[in-house]
Enquirer: 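Sharing a structure here in structure tokens format.
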Amino acid sequence: MNGSFVQMSYLCRKKPRTMKKIGMLMMAVLLMTGCGHTAKQDRTYWLEGAWVLRHAEYPIGGESDFSLEEGGTYCLIYDKDTMLYECRIVSAPSGFVITPRQMSTVTLVDKGGGEWLYLEDDDPHPIEIANDSTVIIQHSGVRYSWVRTDDIYEEWGDEMCHIVASEVKNESAGHNSYVLSSKEREQASYIQWLIMAVGLVVIFAATNYVVYQRRRRQLQLQLQQIQEVKEERPQSVRQAIESVEAAYFASDEYHELQHRIATGQTLKEEDWQGIENQLKKVYPGFGSQLRGLHAMSELEYQVCLLIKLRIAPSDIATVLARDVSTISTVRSRLFKKVFDKKGGAREWDEFVLSIGT
């Protein structure tokens, strides 16, 4: 125990064989009773917690009882067994009203035989520890009975110690009273939670804004690169692309695909893969440039592929089993996401047709 001085001595003058038997017997007893003994003596600090005054016995006769409700009482809060914070405490409808009194250092000395010496600022006082919930401390001949109050300690202990310490430091102990309100604490906790929530929202919004701005800069750079590639492309390359493009749109393969789409035939996964492969031959950079602009859904990407194949919006709606209005919404929404401004479906079509050509 911190601040305790335990002095014990055992004087046993026995023969070695007798001592061995006694030692074995003691070990057996300790093993059988060890759990209960450990539980009883396992408290490192006997006084740690909050104690309220319940009863006083005076040396000239007479007694007094104290209550939190009727006139109030006194409360001792021990930080371990080394520091004491004292205040007067009265129960109130919303919680408690406390008046700080003093702060002292404490030493608890075990004299042995169940006797203890209680030193408060080095001033000795007899103390009886009746059990875990009651102690009797004697001051000037008056026996004060204190009862442990775990509820007060767990909810208000830290705050009460802080108030007492501040008042003692400012030399104003005994002059000011403080209301400890559970409702106010709940409100303060709610306000603190609300502030944290608002802070998280602000951080989230700021992070999203930074990410958005970074994404916008990257997107603008990609659009600029697409435009530069198109403008700087030599005339011979342009003519070659136009030749390949014309040959594909005149091919039987393209006309068969057009017919299947026009008649509303379902395109399977391998059909879409074939469309992508064919577009790579005609427009080598189309797919990578398109996906680099926006994380598209499967529907959005398929709409763009069909736009690049010069398929009419009504036929796109048929083959994808969507309404024409849905296809228009997809196109205009893509334009808004990529260019960050309102635009029509046709404007998106024109942009898609310009990529890779």
Side-chain angles (χ1 to χ4, degrees), residues 1-6 40-41 43-92 95-168 172-178 180:
M1 180 181 300
N2 191 16
S4 299
F5 305 94
V6 182
K40 183 178 180 181
Q41 300 295 333
R43 179 183 294 279
T44 306
Y45 302 103
W46 279 101
L47 295 176
E48 182 176 22
W51 304 75
V52 295
L53 179 62
R54 291 298 189 193
H55 187 73
E57 299 177 9
Y58 303 101
I60 58 175
E63 301 178 359
S64 297
D65 292 320
F66 299 85
S67 170
L68 285 168
E69 293 78 17
E70 298 177 4
T73 184
Y74 293 91
C75 182
L76 305 179
I77 302 178
Y78 290 92
D79 180 6
K80 298 181 179 177
D81 287 351
T82 59
M83 187 63 66
L84 167 65
Y85 303 85
E86 183 178 351
C87 62
R88 183 169 181 80
I89 183 169
V90 181
S91 180
F96 297 101
V97 178
I98 70 165
T99 304
R101 294 196 63 199
Q102 64 181 0
M103 184 171 64
S104 310
T105 57
V106 172
T107 303
L108 190 62
V109 181
D110 186 357
K111 298 172 63 178
E115 294 185 9
W116 300 79
L117 181 63
Y118 176 83
L119 300 175
E120 189 174 307
D121 285 341
D122 297 327
D123 186 14
H125 301 279
I127 183 173
E128 300 174 26
I129 300 179
N131 49 54
D132 280 353
S133 61
T134 305
V135 297
I136 302 171
I137 304 175
Q138 188 170 326
H139 281 262
S140 303
V142 183
R143 291 166 53 84
Y144 296 99
S145 296
W146 302 86
V147 177
R148 182 185 296 276
T149 54
D150 290 334
D151 292 344
I152 291 178
Y153 183 66
E154 290 173 2
E155 184 171 3
W156 304 106
D158 292 340
E159 191 168 347
M160 292 170 71
C161 289
H162 176 73
I163 291 173
V164 173
S166 298
E167 289 289 288
V168 171
S172 54
H175 300 288
N176 301 317
S177 296
Y178 297 82
L180 303 179

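Quick caveat, the model's predicted, so the values are computed rather than measured.
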Enquirer: To the nearest 0.5 Å, what is the distance between CG (Leu84) and OH (Tyr78)?
Expert: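 Those atoms lie 5.0 Å apart.
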Enquirer: Would you kindly say whether Tyr118 and Gln138 are connected by a side-chain donor-acceptor distance under 3.5 Å?
Expert: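 The criterion, which ignores hydrogens and geometry beyond distance, is not satisfied for Gln138 and Tyr118.
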Enquirer: Heavy atoms only: give me the nearest Ala50-Cys75 pair and the separation to one decimal.
Expert: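 That would be CB-SG, 4.3 Å.
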Enquirer: For Asp122 and Pro124, work out which heavy atoms get closest and say how close.
Expert: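 Closest approach of Asp122 to Pro124, heavy atoms only: O-CD, 3.5 Å.
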Enquirer: Hey, are His125 and Glu120 close enough side-chain-wise for a donor-acceptor pair under 3.5 Å?
Expert: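 Distance-only check fails for Glu120 and His125.
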Enquirer: Working to the nearest 0.5 angstrom, can you tell me the gap between Cys87 SG and Gln102 CD?
Expert: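 The distance works out to 11.0 Å.
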Enquirer: For the pair Lys80 and Glu48, find out whether any cationic side-chain nitrogen is under 4.0 Å from an anionic carboxylate oxygen.
Expert: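 Judged by the 4.0 Å cut-off on N to carboxylate O distance, Lys80 and Glu48 do not form a salt bridge.
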Enquirer: Sort out for me which residue in Ile98, Ile163, Thr99 forms a side chain to side chain contact (heavy atoms under 4.5 Å, CB included) with Ser177.
Expert: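 It is Thr99; the other options fail the test.
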Enquirer: Do other residues, nucleotides or ligands put more than 12 heavy atoms under 6.0 Å from the CG atom of Asn176?
Expert: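 Yes - once you tally the heavy atoms of other residues, nucleotides and ligands closer than 6.0 Å, there are more than 12.
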Enquirer: Any idea which heavy atoms bring Ser67 and Arg54 closest together, and the distance?
Expert: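 Result for this residue pair: CA-NH1, 4.1 Å.
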Enquirer: Check Glu128 with Arg143, please: is the shortest side-chain N to carboxylate O separation under 4.0 Å?
Expert: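 Here Arg143 pairs with Glu128 in a salt bridge, since their nearest N and O are under 4.0 Å apart.
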Enquirer: List the atom of Leu68, the atom of Phe96, and the distance in Å for their closest heavy-atom pair.
Expert: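 Looking at all heavy atoms of both residues, the shortest contact is CD1-CE2, 4.1 Å.
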Enquirer: From Ser91 OG over to Glu70 CD, what is the distance, rounded to the nearest 0.5 angstrom?
Expert: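 Ser91 atom OG to Glu70 atom CD measures 11.0 Å (nearest 0.5 Å).
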Enquirer: Have Asp151 and Thr149 got a donor and an acceptor in their side chains that come within less than 3.5 Å?
Expert: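 Absent: no donor and acceptor within the cut-off.
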Enquirer: Within 45° of the six-membered ring axis of Tyr74 and under 6.0 Å from that ring's centre, is NZ or CZ of Arg88 located there?
Expert: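 Because its charged atom sits under 6.0 Å from the ring centre and within 45° of the axis, Arg88 does stack over Tyr74.
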Enquirer: What closest approach, in Å, do Asp81 and Leu47 show between heavy atoms, and which atom pair accounts for it?
Expert: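 Reported closest heavy-atom pair: OD1-N, 2.8 Å.
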Enquirer: Could you give the distance from CZ (Arg148) to OG1 (Thr134), rounded to the nearest 0.5 Å?
Expert: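 It is 9.5 Å, given to the nearest 0.5 Å.
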Enquirer: Are a donor atom and an acceptor atom from the side chains of Ser104 and Tyr85 found within less than 3.5 Å of each other?
Expert: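 Looking only at side-chain atoms, Tyr85 and Ser104 do not form any donor-acceptor pair under 3.5 Å.
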Enquirer: Using a 6.0 Å cut-off, check whether atom NE2 of His162 has over 12 heavy atoms from anything other than its own residue.
Expert: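 Open: at most 12 neighbouring heavy atoms sit under 6.0 Å from NE2 of His162.
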